[in-house]
Colleague: 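The structure's right below; bear with me while I get my questions together.
Counting starts at 1 for both ligands and their atoms, following the listed order. What you see is a predicted model; the values in this text were computed from it and never measured. We're numbering straight along the sequence, starting at 1.
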Amino acid sequence: MKKVVKFGGSSLASAEQFKKVGDIIRADETRRFVVPSAPGKRNSNDTKVTDLLYKCYRAAEKGHTDFDKVLTEIKARYQEIIDGLGLGLSLEEDFNIIEEKFKNHAGEEYAASRGEYLNGKIMADYLGYEFVDSAKIIRFDGEGQFDMEMTNRLTREYLKDKENAVIPGFYGAMEDGTVKTFSRGGSDITGSIVAGALDADLYENWTDVSGFLVTDPRIIENPKSIDTITYRELRELSYMGATVLHEDAIFPVRKAGIPINIRNTNRPEDAGTMIVEDTCKKPAYTITGIAGKKGFCSLFIEKSMMNSEIGFGRKVLQVLEKEGISFEHLPSGIDTMTLFIHQDEFAEKEQQVISGIHRAVNPDFMELESDLALIAVVGRGMRSNRGTAARIFAALAHANVNVKMIDQGSSELNVIIGVRNEDFEVAVKAIYDIFVTTQL
Ligand SMILES: Nc1ncnc2c1ncn2[C@@H]1O[C@H](COP(=O)(O)OP(=O)(O)O)[C@@H](O)[C@H]1O
Ligand SMILES: N[C@@H](CC(=O)OP(=O)(O)O)C(=O)O
């Protein structure tokens, strides 16, 4: 039996948190492969070490005087953990190399990766586990794309005879040694890759909440936690902003048929959430979860007889493709279509897109609306329950929320709703209340 256990930044922000992690690992001898993140926030006003590293590197690039100050702050974060754990470990040599590399402009990704690298060294020393530098096993190809095949081979080669190891999250390297990172929150991906490559029995992902919650605890106080969720449901929710697990962390374990267990470092007695391929367990509520994001805009296009103009949609989408813009949703009517696009992506190219669409399809009318949010209501139980959409829209009407867009996927696994940014929290709360609190 072997488990891969990933601990997020919130679980490793201080010596006190490290001790909880140590207790968790020692409580189960199958927790053999440990993937740590960089130290996260110790309180809500604190800064993650990864963010300090980005800041420090930018200062180094500009030759700014802030460089020494931020580096000293980073060193102090690690020293506080080392001292609090009573370890004799010194990171001085590592910091000398880091300083040198920052000054020689080794790259932002190298800089950010040091957060996990250094925390991995502390973790290995604290547990008495072997430290394995992820640059040796997590491989990116010549174009900087993650190379799954090579990574699997290297990971198995390096780790197959090891009883246990600490493998820092978030980064890997190209064949020439250039360090690359995943996108933010990417230690979840490292954990999943290692679990997949080693054919682990379970991938435990330890964080600061007792599992995947029905909705974001920053929107609803104390939301219920989800007992079991399928990979497909989870993918919809994490894509739409439920940040507890990086959306790309699903593929490697799913492919290998390994379940994920989300657990709370501060409440290890809680069972957390099991993420599985399929389950016959009935969900506790009709919906499994609600997630959402702000910051979208919509582009409404109207043209008489659009429906019979073959190639209309393709021509519109080609304009977006040419400008390198992706779209999120594309609901359409007989003479109308509406594109939902990330506002920050669109803002820079808005005029090129509008004139491009004019040239491509000569519409009768176009209208742009900004500051919109998208909400995903997800659940495998929605398929077998009638009236789900009616309940959602009744709840929104009661809460005085104007619905801008509705999109139900043919899988019946989710309904996407567009509302104004300012209505976002109220809308999430209204949907949560009707399905979970009151269950009307
Ligand atoms: N549906 C959800 N369930 C649980 N947590 C969520 C959800 N949506 C957003 N979150 C947020 O995700 C946080 C955990 O993710 P993250 O901050 O990346 O943790 P870590 O530092 O452990 O990697 C929680 O503290 C919570 O604020
Ligand atoms: N430290 C990196 C990677 C990561 O996964 O962190 P966390 O586990 O704290 O989300 C980041 O801040 O993005």
Colleague: Using the side-chain contact (heavy atoms from CB on, under 4.5 Å) criterion, which residues pair with E175? Sequence neighbours excluded.
Modeller: R139
Colleague: Using heavy-atom distances only, which candidate in N205, L213, T215, D208 approaches atom 13 (C) of ligand 1 most closely?
Modeller: D208
Colleague: Nearest non-hydrogen contact with atom 27 (O) of ligand 1 belongs to which option: K6, R184, R218?
Modeller: R218
Colleague: Measuring from non-hydrogen atoms of P217 to any atom of ligand 1, is the shortest distance under 4.0 Å?
Modeller: yes
Colleague: Should F212 be counted as touching ligand 1, given the test is an N or O pair under 3.5 Å?
Modeller: no
Colleague: Does S187 reach ligand 1, in the sense of a heavy atom lying below 4.0 Å from it?
Modeller: no
Colleague: Could you pull out, from I290, D216, T273, T243, the option with a heavy atom nearest to atom 12 (O) of ligand 1?
Modeller: T243
Colleague: Show the atoms of ligand 1 that are less than 4.0 angstrom away from any heavy atom in G211.
Modeller: 4 (C)
Colleague: Please say whether more than 12 non-hydrogen atoms of neighbouring residues, nucleotides or ligands are located less than 6.0 Å from CD in E29.
Modeller: no
Colleague: Below 6.0 angstrom between ring centroids: does that apply to F346 and F340?
Modeller: no
Colleague: Do E425 and K294 meet the salt-bridge criterion of a basic N to acidic O distance under 4.0 Å?
Modeller: yes
Colleague: State whether D51 and R184 are salt-bridged, where the test is any N-O pair (Lys NZ or Arg NE/NH1/NH2 against Asp/Glu carboxylate O) under 4.0 Å.
Modeller: yes
Colleague: Note every protein N or O atom lying under 3.5 Å from an N or O atom of ligand 2, pairing the names and giving the distance.
Modeller:
residue: ligand 2; atom: 1 (N); partner: T50; partner atom: OG1; Å: 2.8
residue: ligand 2; atom: 1 (N); partner: E116; partner atom: OE2; Å: 2.8
residue: ligand 2; atom: 5 (O); partner: G185; partner atom: O; Å: 3.2
residue: ligand 2; atom: 5 (O); partner: G186; partner atom: N; Å: 3.3
residue: ligand 2; atom: 5 (O); partner: S187; partner atom: N; Å: 2.9
residue: ligand 2; atom: 5 (O); partner: S187; partner atom: OG; Å: 3.2
residue: ligand 2; atom: 8 (O); partner: K6; partner atom: NZ; Å: 2.9
residue: ligand 2; atom: 8 (O); partner: S37; partner atom: OG; Å: 2.6
residue: ligand 2; atom: 9 (O); partner: G9; partner atom: N; Å: 3.0
residue: ligand 2; atom: 9 (O); partner: K48; partner atom: NZ; Å: 3.4
residue: ligand 2; atom: 12 (O); partner: K48; partner atom: NZ; Å: 2.9
residue: ligand 2; atom: 12 (O); partner: T50; partner atom: OG1; Å: 3.4
residue: ligand 2; atom: 12 (O); partner: R184; partner atom: NH2; Å: 2.9
residue: ligand 2; atom: 13 (O); partner: R184; partner atom: NE; Å: 2.7
residue: ligand 2; atom: 13 (O); partner: G185; partner atom: N; Å: 2.8

Colleague: Is it the case that ligand 1 has an N or O less than 3.5 angstrom from some N or O of S10?
Modeller: yes
Colleague: If you draw the axis of the six-membered ring of Y126, does the NZ or CZ of R26 fall within 45° of it and under 6.0 Å from the ring centre?
Modeller: yes
Colleague: Thinking salt bridges, do K404 and D423 make one under a 4.0 Å N-O criterion?
Modeller: no
